Amino acid sequence: MELSQNDFDFLREFVRARSAIELGENKQYLVEARLQPIIHREGLTNYSELVDQLKQAAAGPLHEKVVDAMTTNETSFFRDMPVFDALAREIVPEVMKANQATRTINIWSAACSSGQEIYSTCIILLERFPQLRLGWRVNLMATDLSTEILERAQQGVYSQLEINRGMPAKYLVRYFDQDGAKWVIKPELREMVTFQQVNLIKPWPMLPRMDIIFMRNVLYYFSTETRKQILSKVKRQLGRDGYLLLGAAETIQMIDDEFKREHTHKATYYKLR
């Protein structure tokens with residue numbers, strides 16, 4: 001079963017139009033590998049039948065499944081540890097100082113994948129800032145394009161392999177329950193987070209001003225123009241003293257000069273000028 005050039009071209013445009021994800025000419029193997037399970041589950045025989053099904057309607061469950069399959073959900077607990085060190089040592093203390101009057105902190109994981117990033121953040125807050133339990137409102141929101149991955153994140157169920165990728169043993173004991181071969185986030189953490197589907201290239205829902213926005217390892221999947229559009233919305237969403245956290249290999253210095261790049265504890269973050 002091979003993917004024809006015409007069907008590949010259609011799928012590239014289909015995914016780009018719905019998610020802004022740019023699939024290069026050399027990604028045909030990736031498209032084939034990720035769509036093959038959908039073909040089998042849907043009872044289809046080849047890629048052409050899948051494309052025909054997509055063309056029959058403007059939207060539907062199959063359309064969502066295809067876009068979900070093409071999104072990359074690579075993540076791990078405490079991924080890029082210097083970011084979480086900076087969160088504990090400087091970022092959260094500075095936000096608390098700036099927000100002393102309102103005693104409110106708003107944190108958004110804008111491409112949360114299966115939830116490891118936002119749950120790692122919850123653990124940092126509980127471990128390092130017990131004073132937040134006393135009269136502070138801490139609102140944590142996690143969003144993603146994929147409804148399937150959001151459901152996984154909300155369930156908070158992880159394999160041993162996922163746990164082994166970054167979760168310290170001391171936190172595993174405190175914040176997870178074992179269920180056979182799986183580990184389940186305790187309700188204390190799961191109830192701290194609100195999950196919602198948000199497509200970053202579409203209009204965003206009404207959100208509070210954010211003090212911290214995680215948008216790590218997502219912008220590089222988009223074209224430069226799409227990055228500019230997303231960053232324009234980030235500027236409206238980020239509080240004046242807010243922090244934008246990107247992936248370690250990402251930079252926006254040549255894309256939007258209204259953000260200034262700063263460093264702390266081996267981590268990089270952006271603030272509005």
Side-chain angles (χ1 to χ4, degrees), residues 18-21 59 61 63-79 83-84 87 92 95 104-126 132-133 136-159 162-163 165-167 171-172 174-177 179 182-219 221 230 233-234 237-239 242-247:
R18 286 161 176 75
S19 69
I21 294 172
H63 297 66
E64 288 191 17
K65 291 175 184 177
V66 169
V67 174
D68 282 359
M70 297 315 303
T71 57
T72 299
N73 294 306
E74 172 64 21
T75 188
S76 61
F77 288 104
F78 297 100
R79 185 180 184 182
V83 170
F84 292 95
L87 200 69
V92 172
V95 169
T104 298
I105 299 177
N106 297 317
I107 301 174
W108 179 19
S109 173
C112 71
S113 188
S114 44
Q116 286 93 323
E117 179 178 79
I118 196 66
Y119 289 134
S120 298
T121 303
C122 290
I123 290 171
I124 290 293
L125 295 177
L126 291 174
L132 289 176
R133 297 172 182 263
W136 283 80
R137 292 190 304 273
V138 182
N139 305 309
L140 296 110
M141 188 174 75
T143 69
D144 204 278
L145 170 65
S146 168
T147 54
E148 182 177 342
I149 205 69
L150 272 175
E151 184 176 345
R152 273 206 63 207
Q154 194 159 13
Q155 290 171 348
V157 179
Y158 299 98
S159 67
E162 289 171 315
I163 290 296
R165 297 187 64 201
M167 178 55 63
Y171 296 157
L172 179 63
R174 291 176 199 166
Y175 298 109
F176 290 79
D177 293 315
D179 182 10
K182 302 288 188 180
W183 292 90
V184 184
I185 285 281
K186 289 188 175 181
E188 178 185 15
L189 256 66
R190 191 165 52 244
E191 292 168 4
M192 290 175 66
V193 185
T194 299
F195 293 91
Q196 184 176 351
Q197 183 189 28
V198 172
N199 186 334
L200 294 176
I201 69 165
K202 303 291 186 182
W204 293 355
M206 291 292 293
L207 303 172
R209 287 277 182 159
M210 293 294 166
D211 299 299
I212 302 168
I213 297 179
F214 289 91
M215 197 171 282
R216 301 196 297 159
N217 306 302
V218 61
L219 289 179
Y221 291 106
I230 293 173
K233 291 190 281 189
V234 169
Q237 201 64 58
L238 193 64
Y243 293 77
L244 172 63
L245 298 168
L246 303 181

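In this text, all values refer to a predicted model and were calculated from it rather than measured experimentally. All residue numbers refer to positions in the sequence shown, counting from 1.
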Between the side chain of [X] and the main-chain N/O of [Y], is any donor-acceptor distance below 3.5 Å?
X: D177; Y: I185; result: no
X: R209; Y: G239; result: no
X: D211; Y: I107; result: no
X: Y119; Y: A153; result: yes
X: K233; Y: K202; result: yes
X: S109; Y: A142; result: no
X: S19; Y: I21; result: yes

#### Entry: Check ion pair E162-K182 (N to O, under 4.0 angstrom)
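Result for this pair is no, no salt bridge flagged.
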
### Message
Looking at R216 and E117, is any side-chain nitrogen of the basic one under 4.0 Å from a carboxylate oxygen of the acidic one?
### Response
yes

### Query
Should M215 and V218 be marked as a side-chain contact (heavy atoms from CB on, under 4.5 Å) after you check the CA-CA gap, both sets of side-chain angles, and the distance that decides it?
CA-CA 6 Å; M215 197 171 282; V218 61; 3.4 Å; yes

Reported [atom1]-to-[atom2] distance for the pair [X] and [Y], which is rounded to 0.5 angstrom:
X: L125; Y: L140; atom1: CG; atom2: CG; result: 6.0 Å
X: S159; Y: R165; atom1: OG; atom2: CZ; result: 9.5 Å
X: Q116; Y: T75; atom1: CD; atom2: OG1; result: 4.5 Å
X: E148; Y: S114; atom1: CD; atom2: OG; result: 11.0 Å
X: L244; Y: L246; atom1: CG; atom2: CG; result: 4.5 Å
X: W183; Y: L172; atom1: CH2; atom2: CG; result: 4.5 Å

Quick one, [X] and [Y] - any side-chain contact, counting heavy atoms below 4.5 Å?
X: L87; Y: I212; answer: yes
X: T147; Y: E64; answer: yes
X: R18; Y: V66; answer: no
X: I213; Y: Y243; answer: no
X: M192; Y: L126; answer: yes
X: V198; Y: L145; answer: no
X: W204; Y: N199; answer: no
X: L150; Y: C112; answer: yes

### Task
Mind telling me whether Y158 and F77 have parallel, tilted or perpendicular rings, with 30° and 60° as the class edges?
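It falls in the perpendicular class, over 60°.
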
### Summary
When N139, T194, T143 are each screened for side chain to side chain donor-acceptor pair (under 3.5 Å) with W108, the one that passes is T143

If you take all heavy atoms of [X] and [Y], which pair is closest and at what distance?
X: A20; Y: I201; result: CB-CG2, 3.3 Å
X: F78; Y: G166; result: CD1-O, 3.5 Å
X: N106; Y: P208; result: ND2-CB, 3.7 Å

### Task
In sequence, state the C-alpha distance, the side-chain angles, and the governing distance for L207 and Q237, and then conclude on side-chain contact (heavy atoms from CB on, under 4.5 Å).
CA-CA 8 Å; L207 303 172; Q237 201 64 58; 3.3 Å; yes

### Message
Run the side-chain contact (heavy atoms from CB on, under 4.5 Å) test on F214 and T121 for me, step by step, so that the C-alpha distance in whole Å, both residues' side-chain angles and the decisive distance to 0.1 Å come before the verdict.
### Response
CA-CA 10 Å; F214 289 91; T121 303; 3.6 Å; yes

### side-chain contact (heavy atoms from CB on, under 4.5 Å) between M167 and I123, intermediate numbers included
CA-CA 10 Å; M167 178 55 63; I123 290 171; 3.8 Å; yes

#### Entry: Q155 atom CD, over 12 foreign heavy atoms within 6.0 Å
yes

